[in-house]
Amino acid sequence: MADNGDITEGCRLPVLRKNQENEDEWPLAEILSVKEITGKKLYYVHYIDFNKRLDEWVTPDRLDLKKLQFPKKEAKTPSKNGLPGSRPSSPERDPVRKTLDLSLQTATAPSRGKTIPTTKRKAESLTLATPSPAGAVSSLPVSTETSQASVYPSMREGNAFSQKCNTRDDHEQLTSVTTNGTARRLMPSQPGRKRKANCGGTDEDSQDSSDGIPSAPRMTGSLVSDRSHDDIVTRMKNIGCIELGRHRLKPWYFSPYPQELTTLPILYLCEFCLKYLKSLKCLQRHLTKCNLRHPPGNEIYRKGTISFFEIDGRKNKTYSQNLCLLAKCFLDHKTLYYDTDPFLFYVMTEYDPKGFHIVGYFSKEKESTEDYNVACILTLPPYQRRGYGKLLIEFSYELSKVEGKTGTPEKPLSDLGLLSYRSYWSQTILEILMDLKPDNGERPQITINEISEITSVKKEDVISTLQYLNLINYYKGQYILTLSEDIVDGHERAMLKRHLRIDPKCLHFTPKDWSKRGKW
């Protein structure tokens, strides 16, 4: 049997951990790093098929050495310039892609419910399995004017917390869809920028140089990069604990704070300007000089204790960069560069006599060619599963309504982000369908385009949500939307729990036409 001295980076073996039920389990894990403290070895492990936020340092007694798997030997492979290269010593696991099951099962006729039929369209309409006519309930007609529904990638990695963050029953956690940080120190003199990733795909906006650092800041579109620049540094959490106001947060992922701060037991942040400091004494000295009691920028919404502040990434660059650093601790697939000029940040706060305390935020591009109304979105862990995630999403769509546009979050969505958005889309669309009234005794009718215009949700998102809920059926030559009793009951129960809503009357927002501005 192997001993502890045989364990090196890249080895795989079962590691003891507690699951959600506090029971012992032995999932397969990969050794990412080994260190020795006072003569005792510690191993940093990543649990295969689990979310990276569960990665941790473990002691040797939690390792099952009987099933130790050594890393594969390096194999020489030709590189781009024809010179020999090598693959990583540890096998890289391909992201698991689970596709949505769009097959519609035959609906059972409920005691109550609604069905919305649609007029038959060309072959480019929804392509779905046809249930038997007996499965349709008393129907509500609906004309569909739509293109083929897009299928969103589902959860990339299994999550032992299942939906720990903002997403369990309420699906609140909003993680952004972005690429990971680079290994090197990310405080370049040449600013790059924070961008989202198109995992598993290419993008015409990707203009990274060969070493993973952009040759010049991008002024529009998304700077997409893949996971090929991953290395051992960015795969490991580097901050142990963050104190933000009255909360102490345990980061989930790597964030490129300055190297000298990563060895501290606690990193202190000013909760108003988000400046990072190395000690409590430094924080106390800073608070005597910091005049901020709310995020910089304009307060564009206030109802009760909830406020939203609009922050220009160019005018408030330092705050925006500090916000990105904090967010990176809880967002995995984000590339953090420091050109925040092309972004607006909308920070949600909760007010008490001491000031406006940050709850979460989302960012959006000033100009988006893809109709993105959200780039990155996050609810901080102390405020998760309390309805704030949906409130952030709802606010992003209220802004889109004022702008007269339909919007969509930047794809692909993370596992928790997908659950959060899907929950919001489902509730919003069902709210509209259930409010439809019969017209002159006829079954109510509505088109996909009309749903999109009312909600500002992009048409493709409306279609994918209807498919996900199994609402679309093909019956007697037309598409119908069938609301079963279970769906109606589930929706009513969910809406009873949803106490936080955006009041459009409290929004004071004037959209700007950034395309006419020579400089942001």
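All residue numbers in this chain count up from 1 along the given sequence.
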Close side-chain approach of Cys329 and Tyr253, heavy atoms under 4.5 Å: no
Intermediate values then yes/no, side-chain contact (heavy atoms from CB on, under 4.5 Å), Glu450 and Thr455: CA-CA 9 Å; Glu450 287 171 346; Thr455 62; over 6 Å; no
4.5 Å side-chain heavy-atom contact, Leu244 and Leu326: yes
Lys/Arg-Asp/Glu bridge criterion (N-O < 4.0 Å) met for Asp312, Lys512: no
Parallel, tilted or perpendicular: ring planes of His357 versus Phe272, cut at 30 and 60 degrees: tilted
Side-chain ion pair, Glu23 and Lys18, N-O less than 4.0 Å: no
Main-chain N/O of Val457 paired with Ser452 side-chain donor or acceptor, under 3.5 Å: yes
Distance-only polar pair, side chains of Glu56 and Tyr47, donor-acceptor under 3.5 Å: yes
Any donor-acceptor pair under 3.5 Å from Asp371 side chain to Thr408 backbone: no
Minimal non-hydrogen separation, Leu378 against Ala327, with atom names: CD2-CA, 3.8 Å
Residue pair Lys411 / Glu370, side-chain heavy-atom distance below 4.5 Å: no
Option among Arg386, His499, Met348 that satisfies the side-chain contact (heavy atoms from CB on, under 4.5 Å) test with Leu391: Met348
Distance-minimising heavy-atom pair for Ile311 and Pro296: CG1-O, 2.8 Å
Main-chain N/O of Leu419 paired with Ser423 side-chain donor or acceptor, under 3.5 Å: no
Lys505, NZ: over 12 other non-hydrogen atoms inside 6.0 angstrom: no
Side-chain heavy-atom pair Arg498, Tyr424 within 4.5 angstrom cut-off: yes
Donor-acceptor pair between Asn322 and Tyr257 side chains, under 3.5 angstrom: no
Closest non-hydrogen atom pair, Ile306 against Tyr388: CD1-CE2, 3.7 Å
Heavy-atom pair of closest approach, residues Pro256 and Leu325: O-CD2, 3.6 Å
Close aromatic pair by centroid cut-off 6.0 Å: Phe395 and Tyr301: yes
Side chain to side chain donor-acceptor pair (under 3.5 Å) evaluation trace for Glu299 with Ser307: CA-CA 7 Å; Glu299 184 180 9; Ser307 293; 2.7 Å; yes
CA sep, side-chain torsions, deciding dist, call: Glu271, Arg293, salt bridge (Lys or Arg N to Asp or Glu O under 4.0 Å): CA-CA 9 Å; Glu271 63 176 327; Arg293 288 297 174 265; over 6 Å; no
NE2 on His46 to CG on Leu54, rounded to 0.5 Å: 9.0 Å
Side chain proximity check, Leu344 to Glu310, heavy atoms < 4.5 angstrom: yes
Chi angles and distances behind the side chain to side chain donor-acceptor pair (under 3.5 Å) call for Asn473, Thr482: CA-CA 7 Å; Asn473 296 312; Thr482 306; 2.9 Å; yes
Whether Asn316 side chain and Tyr319 backbone form a donor-acceptor pair below 3.5 Å: no
Euclidean distance, Leu267 CG relative to Cys241 SG, rounded to 0.5 Å: 9.0 Å
Atom pair CZ/CD1 of Arg302 and Ile300 - distance to nearest 0.5 Å: 13.0 Å
Close side-chain approach of Trp252 to Lys52, heavy-atom, < 4.5 Å: no
side-chain contact (heavy atoms from CB on, under 4.5 Å) between Trp26 and Val15, intermediate numbers included: CA-CA 5 Å; Trp26 292 84; Val15 177; 5.6 Å; no
Atom pair CZ (Phe345) and CG (Leu323), whose distance is rounded to the nearest 0.5 Å: 6.0 Å
Pairwise side-chain contact, Pro444 with Lys437, heavy-atom cut-off 4.5 Å (strictly under): no
Short side-chain to backbone donor-acceptor contact, Gln384 and Thr379, under 3.5 Å: yes
Euclidean distance, Ile377 CD1 relative to Leu392 CG, rounded to 0.5 Å: 5.0 Å
Residue pair Gln427 / Met495: nearest heavy atoms and the distance that separates them: OE1-SD, 3.6 Å
Salt-bridge present (Asp55, Arg235; N to O < 4.0 Å): no
Which atom pairs, one a donor and one an acceptor, fall under 3.5 Å between side chains of residues 399-407 and the rest of the protein, sequence neighbours left out?
| from | atom 1 | to | atom 2 | distance (Å) |
| --- | --- | --- | --- | --- |
| Ser400 | OG | Asn373 | ND2 | 3.2 |
| Ser400 | OG | Ser396 | O | 3.3 |
| Lys401 | NZ | Glu398 | OE2 | 3.3 |
| Glu403 | OE2 | Lys364 | NZ | 3.2 |

Heavy-atom pair of closest approach, residues Arg17 and Pro27: CD-CG, 3.5 Å
Rounded distance [0.5 Å steps], NE2 in His491 versus CG in Leu483: 9.5 Å
Within-4.5 Å side-chain heavy-atom neighbours: Leu471 and Leu433: yes
Trace of the side-chain contact (heavy atoms from CB on, under 4.5 Å) decision for His294 with Thr349: CA-CA 8 Å; His294 59 78; Thr349 63; over 6 Å; no
Stepwise side-chain contact (heavy atoms from CB on, under 4.5 Å) check, Lys459 with Val462: CA-CA 5 Å; Lys459 188 166 59 176; Val462 174; 5.5 Å; no
is_close_aromatic(Phe308, His508), centroid dist under 6.0 Å: no
Ring centers of Tyr346, Phe309 separated by less than 6.0 Å: no
